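Notes follow the structure.
Along the sequence shown, the residues carry numbers beginning at 1. In this text, all values refer to a predicted model and were calculated from it rather than measured experimentally.
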Amino acid sequence: LSRGVTKAMRDNEYRKSLFILRSIVILPFLLLMMFVYFSWDFERRMASSPQGTGLPKLGIVFTGKYERVWMGLRLMKNGDIQRLFISGANRVSGVPKDGFIEQFVVQGELLNDLINGRIALGELATDTFQNAMETACWLEQNEHGDQVLLITSESHMPRASVALEQHLSGIKVSRLSVPEDVTDGPSSYLLWTEFRKYLGTSIVSRSPKKLRSYFEVQYGVGPVLICR
């Protein structure tokens, strides 16, 4: 009996050691594969989506840099899109709603579009998660097609598109990346910072619904704040 117990204990220790050894070998490989995938997805999302049949009729701008807003207004003026929603039009983003007309020299047809609601300003969002939720709430209250055009800076596009896709159901998100306002493209530091933020956004977006809801409430982006 004693020999049997000893053998069983040895077998158990052997299985434990084998499990630990396999984990040591497999875990770094899995982490490497995840890093390769997310790096590939980050680079893919930085680029604009192929627009073979033209742009979607509804444009969505996430504020944060002025050139994003200018691009949306330019598309409206040229007739490339028919409606425009600008999320985060407030003083935090540097695009205050009450000074929007003067800041972006909105006049002529664009002014008529703003007055008639074809250009709409959302003023509650102050970060990317809130931009996505504010957009989703606006879409719930307004007519829209099955596809929207997200307009934001190329380095911001990966996490912005992930966040928006998380909050939209049955609506395809096409991307229009606005070049950075620098001559040689985004810096390595900016790309690394945005990549880390993209990873965080991707992890939260792929987490269970209860965890996402907890995160959103903790950071003040729940429906009570945005959807009102």
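Looking at every heavy atom in both residues, Ala89 comes nearest to Leu121 through CB-CB, 4.1 Å. The minimum heavy-atom distance linking Pro179 with Glu154 is given by the pair CA-OE2, 4.0 Å. The two residues Gln103 and Pro96 come nearest to each other via the heavy atoms OE1-CD, 3.6 Å. Heavy atoms only, all atoms of each residue included: Ser155 and Leu191 are closest at CB-CD2, 4.4 Å.
Taking a 6.0 Å sphere around CG of Asp146, one finds it holds 12 or fewer heavy atoms contributed by other residues, nucleotides or ligands. Atom CD of Glu143 sits in a sparse spot, with 12 or fewer heavy atoms from other residues, nucleotides or ligands closer than 6.0 Å. Crowding of Gln147 atom CD: a count of heavy atoms from other residues, nucleotides or ligands under 6.0 Å exceeding 12.
Within the 3.5 Å criterion, the main-chain N or O of Gly88 finds a donor-acceptor partner in the side chain of Ser93. At least one donor-acceptor pair closer than 3.5 Å links the side chain of Asp127 to the backbone N or O of Phe129. Side chain of Gln130 to backbone of Thr126: a donor-acceptor contact under 3.5 angstrom is found. In terms of modelled atom types and a separation under 3.5 Å, the side chain of Ser153 and the main chain of His156 share no donor-acceptor contact. Using modelled atom types, one side-chain atom of Ser48 and one backbone atom of Ser177 make a donor-acceptor pair closer than 3.5 Å. Remark: side-chain polar atoms of Ser49 are paired, donor with acceptor, to backbone N or O of Arg175 under 3.5 angstrom.
Partners of Arg68 according to the salt bridge (Lys or Arg N to Asp or Glu O under 4.0 Å) rule, which considers only residues two or more places apart in sequence or in another chain, do not exist here. Considering only residues two or more places apart in sequence or on other chains, Asp41 meets the salt bridge (Lys or Arg N to Asp or Glu O under 4.0 Å) condition with Arg44, Arg45.
Cluster annotation: Trp192 is not connected to Leu190 through the hydrophobic network of ILVMFWY side chains, with a link wherever side-chain heavy atoms come within less than 4.5 Å. Hydrophobic clustering of Ile, Leu, Val, Met, Phe, Trp and Tyr side chains at less than 4.5 Å, counting indirect connections, keeps Leu150 apart from Leu55. Under a hydrophobic clustering in which Ile, Leu, Val, Met, Phe, Trp and Tyr are joined whenever their side-chain heavy atoms come within less than 4.5 Å, directly or via other members, Leu75 and Leu58 fall into different clusters. Transitive grouping of hydrophobic side chains (ILVMFWY, heavy atoms separated by less than 4.5 Å) keeps Ile81 and Val148 in distinct clusters.
Taking the six-membered ring for Trp and thresholds of 30 and 60 degrees, Tyr66 and Phe104 have ring planes more than 60 degrees apart, a perpendicular arrangement.
Using a cutoff of 4.0 Å between basic side-chain nitrogens and carboxylate oxygens, Asp98 and Arg91 are scored as salt-bridged. The existence of a salt bridge linking Arg159 and Glu194 is confirmed by a sub-4.0 Å separation between a basic side-chain nitrogen and an acidic carboxylate oxygen. A salt bridge links Lys65 to Glu180: one of the charged nitrogens lies within less than 4.0 Å of a carboxylate oxygen.
Aromatic rings of Phe42 and Phe38 (six-membered ring for Trp) have centroids beyond the 6.0 Å cut-off, not under it.
Between Arg74 and Met71, the closest side-chain pair of non-hydrogen atoms falls below 4.5 Å.
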